[in-house]
Protein chains: 2
Amino acid sequence: MNPNPSMAPNPYSRQCPTRLVLDRIADKWTVLIMGLLRQRPWRFNALLREIDGLSQKVLSQTLKRMERDGLVHREAFPTVPVTVEYSLSALGETLAGSVNVLIEWSETHIKAVVAAQQAYDARQSGARQ
Amino acid sequence: MNPNPSMAPNPYSRQCPTRLVLDRIADKWTVLIMGLLRQRPWRFNALLREIDGLSQKVLSQTLKRMERDGLVHREAFPTVPVTVEYSLSALGETLAGSVNVLIEWSETHIKAVVAAQQAYDARQSGARQ
DNA sequence: CAGCATCCCAAACGATACTG
DNA sequence: CAGTATCGTTTGGGATGCTG
């Protein structure tokens, strides 16, 4: 698919496979899920309860994509009813710290962002008069 | 909006303002744009040409959001026709390195991801028979 | 418990035309 | 050049019901 397989990956090119990867890891649910899996393994419904606003359908899709991309490991235990545990793969571990930085940045700089938004909105409504 | 303003921010809660911030910075276009602005200031149409697959409409929306969030600075020069330059704000600088790690991760681990995808797909088609 | 299948709606996006 | 405005389509996602 990459028109220049011999060249270095370039996510600014539409066909580059790194673009597909970036599309997925630069995703809010992926970031939040990895933030939890970084702590310990989680079960499906535990993740669902923990992440407010995430629907069962989207969690299912996201976990499946992450499993396909090799970021998470899925293990089903033959209990009744079945128990499924999600954990980070070795590959996922290499990414987890990086995405967690985004969560930490949000927490650290939230006040500055909200202040910037209010200043921007005030400028706009003032300019519009 | 945050039901517990006295508590630490918690992006896993739907109402937490950090969630809104995370929604925006964990976005593929934002990551790619910041990756470029990190190098030097860019003009609107230069960004548009550089980022393959990004439409004018979405670039416009994304830059406006980033400006409102205080991540980028927009400066218009009174030339004819007008010249507009986008650059990182001080706040944006604090984030730029972190998001760039995601781009670098994509480039570094793209082979492992594609291999994982192929292995997954092979398992699936095999299991389906 | 851990999902999948279906229906349905709202938001996102591309394409196009137009403007200071 | 650097956008805005509108429109039609596509996609994502919620809600619900069902299954191993």
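The CD atom of A:Gln56 sits 11 Å away from the C1' atom of D:dG14 (whole-angstrom rounding). Going from atom CD of B:Glu85 over to atom P of D:dC1 covers 15 Å, rounded to whole Å. The CZ-C1' distance, from B:Arg65 to D:dG3, rounds to 17 Å in whole Å. In this entry the distance linking CG of A:Leu59 with P of D:dG14 reads 11 Å, nearest Å. Protein atom CG of A:Asp27 is 8 Å distant from nucleotide atom P of D:dG13, rounded to whole Å. Computed from coordinates, the A:Leu63 CG to D:dG13 P distance equals 14 Å when rounded to whole Å. Atom pair A:Asp52:CG and D:dG13:C1' shows a separation of 16 Å (rounding to whole Å applied). Following rounding to the nearest Å, B:Leu48 (CG) and C:dG14 (P) show an atom-to-atom distance of 11 Å.
Contact check, A:Tyr86 against C:dG3: a side-chain N or O comes under 4.0 Å of OP1 or OP2. Residue A:Ser55 places at least one side-chain N or O closer than 4.0 Å to OP1 or OP2 of D:dG14. Distances shorter than 4.0 Å separate some side-chain N or O of B:Ser60 from OP1 or OP2 on D:dT4. At least one side-chain nitrogen or oxygen of A:Lys64 sits closer than 4.0 Å to the OP1 or OP2 atom of C:dC4. Contact check, B:Arg74 against D:dG3: a side-chain N or O comes under 4.0 Å of OP1 or OP2.
B:Val58 comes within 4.0 angstrom of the backbone, heavy atoms only, and of no base. No contact: A:Phe77 has no heavy atom under 4.0 Å from any strand. Across all strands, B:Val82 comes closer than 4.0 Å to base atoms (heavy-atom distances).
A side-chain donor-acceptor contact under 3.5 Å links A:Ser89 to the backbone of A:Gly70. Not one N or O on the side chain of A:Asn45 forms a donor-acceptor pair closer than 3.5 Å with the backbone of A:Leu48.
Judged by distance alone with a 3.5 Å cut-off, no donor-acceptor contact links the side chain of A:Gln61 to the base of C:dC4.
Sequence order on DNA chain D of the closest nucleotides to A:Pro81 and A:Lys28 puts A:Lys28 first from the 5' end. Comparing B:Lys57 and B:Arg43, the nucleotide of DNA chain D nearest to each residue sits closer to the 5' end for B:Arg43.
Inter-residue side-chain proximity for A:Glu85 and A:Trp42 is flagged as unmet; no heavy-atom pair is nearer than 4.5 Å. Residues B:Tyr86 and B:Met66 have side chains not in contact (no heavy-atom distance under 4.5 Å, counting atoms from C-beta outward).
Using a cutoff of 4.0 Å between basic side-chain nitrogens and carboxylate oxygens, B:Arg19 and A:Asp52 are not scored as salt-bridged.
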